[in-house]
Amino acid sequence: MLAVEYVIPCASGTVAIELALRGLKVGPGDEVLLSAYDFKGNFQNILTIGAVPVLVDIGERDWQLDAADLTAAVTARTKAILVSHLHGGMVAMPAVMEFAREHELPVIEDACQMPGAIVGGRPAGTWGDVGVWSFGGSKLLTAGRGGLLYTNRADIAQRVHLYAHRGNESYPLSELQAAVLLPQLDALERRNAIRATNARQLRDLLLTITGLHPLTESLTDSQPGYYKFGLQFETALWDGLTRDRFAQAMRAEGIALDAGFRSLHRIHSARRFRTASLLREADRADEQVLTLHHPILLTESPAELQQIVTAAKKIRDHAAEVAHPKGGCL
Ligand SMILES: *Cc1c(COP(=O)(O)O)cnc(C)c1O
C-alpha cells in the first residue's frame with residue numbers, strides 16, 4: 001500500500017513524530033516549521049527535544065498549512081518542516097516539497113488522520129522524508145494505542161532504530177496490537193472508498209445550509225481519508241449562535257459533531273514558539289472548526305447522511321432560540 005523501504009511500528013503516533021524528529025537530527029535550538037492549527041502533541045514533541053516550533057498560517061478555504069506562508073517563517077536555524085493532513089483536508093504537498101527542496105529541508109508528513117489516503121496521486125505520507133500513522137483509540141486503524149513511521153531514507157531509519165531499539169524495543173507496538181490491526185488493514189482501502197463517497201455526498205447535501213462550509217479540497221488526483229470531516233462554522237451568519245452551542249445542539253440530535261483543535265498560538269505562551277505571521281486564519285479556525293467523527297461515513301444508508309443535514313437545518317431555523325433559550329430545552 002505504501003511501497004516504502006523502511007516501516008517502523010511504535011507505541012503511538014505521537015512517539016512516531018518524536019522519533020521522526022530525532023531521525024532527522026533535530027535538536028536543541030533548531031527550529032521546526034508547522035501549522036498554527038495542528039495536533040497539540042506535534043507542538044509538544046518539538047519542545048520535548050529542545051527545538052523551537054515556528055508557526056505558519058493556514059489557507060483560507062482548506063484550513064491546511066499554507067505553503068505560501070513558509071517563506072516568511074524560514075531562517076538559518078530551520079531544521080525541518082512538519083505538515084499534517086487534517087479533517088479530510090490535504091496540505092498542498094507539491095508546493096511544500098518545492099519549498100523544501102529549494103531550502104534543502106526535510107519534511108515530516110503526518111498522515112495520522114488518513115492512513116491509506118491518496119494525496120495528489122501519491123499515498124499520504126510518502127511525499128515527505130518521513131511519514132507517520134497513528135493507531136490510537138478512535139483512529140481509522142486502531143489497536144487502542146500504536147503508531148507507525150515510514151521512510152525511504154536509510155539514514156533516518158538507522159537513527160530511529162537507535163532510539164527505538166535500545167537493547168529491547170523502547171517504544172514498542174506489541175504483537176498483540178499488530179494482530180488486531182492486520183484485518184483492519186485488509187479492509188482499509190474499501191472503507192476509505194466508502195468514506196470518500198459518503199463525504200462527497202455529504203458535501204453536496206450541506207450546500208443547502210448557510211454558514212456551514214466543508215473544508216475545500218485543493219489537490220486533484222486524490223482520495224483524502226476521513227478520521228474527521230471538517231467544517232467551517234461561519235459565526236457571523238448564525239444569529240448569535242456560537243460554534244460550541246451549535247455542536248452541543250447537534251450532539252443532542254445524535255450527531256457526533258465536535259469543536260476542532262485549539263490553535264497552538266492561543267493555548268501556549270508566546271515564549272514557547274516563534275511566528276512571522278499574523279495567523280489570521282488560524283485565529284478563525286480556533287473559533288470556527290467543527291469536526292464530524294468518522295463512523296457515520298461508513299453508512300450504507302443515504303438517509304443517515306440526510307439526518308445530519310436535517311438536524312443542522314432544524315438548528316439553523318431556530319438559531320436565535322438555541323443561542324438564547326428561554327429557560328426551556330431545545
Ligand atoms: C491522533 C493524531 C496524532 C497522534 O497520534 P496518537 O497515536 O494519538 O499519539 C498525531 N497527529 C495527528 C494529526 C493526529 O490526529
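For ligands, and for the atoms within them, numbers begin at 1 and follow the listed sequence.
Annotation: Asp38 places no N or O atom under 3.5 Å from an N or O atom of ligand 1; distance criterion only. At a 3.5 angstrom cut-off on N or O pairs, Gly13 counts as close to ligand 1. For ligand 1, the polar-atom distance check against Ser84 finds no nitrogen or oxygen pair separated by under 3.5 Å. At least one N or O atom of Gln113, backbone or side chain, sits closer than 3.5 Å to an N or O atom of ligand 1.
Here is the list of ligand 1 atoms found below 4.0 Å of a heavy atom in Gly146: 7 (O). Atoms of ligand 1 found under 4.0 Å from any heavy atom of Phe39 (numbered from 1 in listed order, with element): 3 (C), 4 (C), 10 (C), 11 (N), 12 (C), 13 (C). Atoms of ligand 1 lying under 4.0 Å from any heavy atom of Ser12, numbered from 1 in the order shown and given with element: 7 (O), 9 (O). For ligand 1, the atoms lying closer than 4.0 Å to a non-hydrogen atom of Thr14 are 4 (C), 5 (O), 6 (P), 9 (O). Atoms of ligand 1 lying under 4.0 Å from at least one heavy atom of Leu86, given by number and element, are 13 (C). Per-residue contacts place Ser134 under 4.0 angstrom from the following atoms of ligand 1 (heavy atoms of the residue considered): 5 (O), 6 (P), 7 (O), 8 (O).
Asn192 places a side-chain N or O within donor-acceptor distance of the main-chain N or O of Pro115, the cut-off being under 3.5 Å.
Contact annotation: Lys139 has at least one heavy atom less than 4.0 Å from an atom of ligand 1.
Geometric assessment of Arg195 against the ring of Tyr226 yields a negative cation-pi assignment under the 6.0 Å and 45° thresholds.
Listed by chain and number, the residues in a salt bridge (Lys or Arg N to Asp or Glu O under 4.0 Å) with Asp66 amount to none (sequence neighbours excluded).
Closest to atom 12 (C) of ligand 1, if we only count protein heavy atoms, is Asp110 OD2, 3.4 Å.
Residues Phe43 and His265 place their aromatic rings such that the two centres sit no closer than 6.0 Å.
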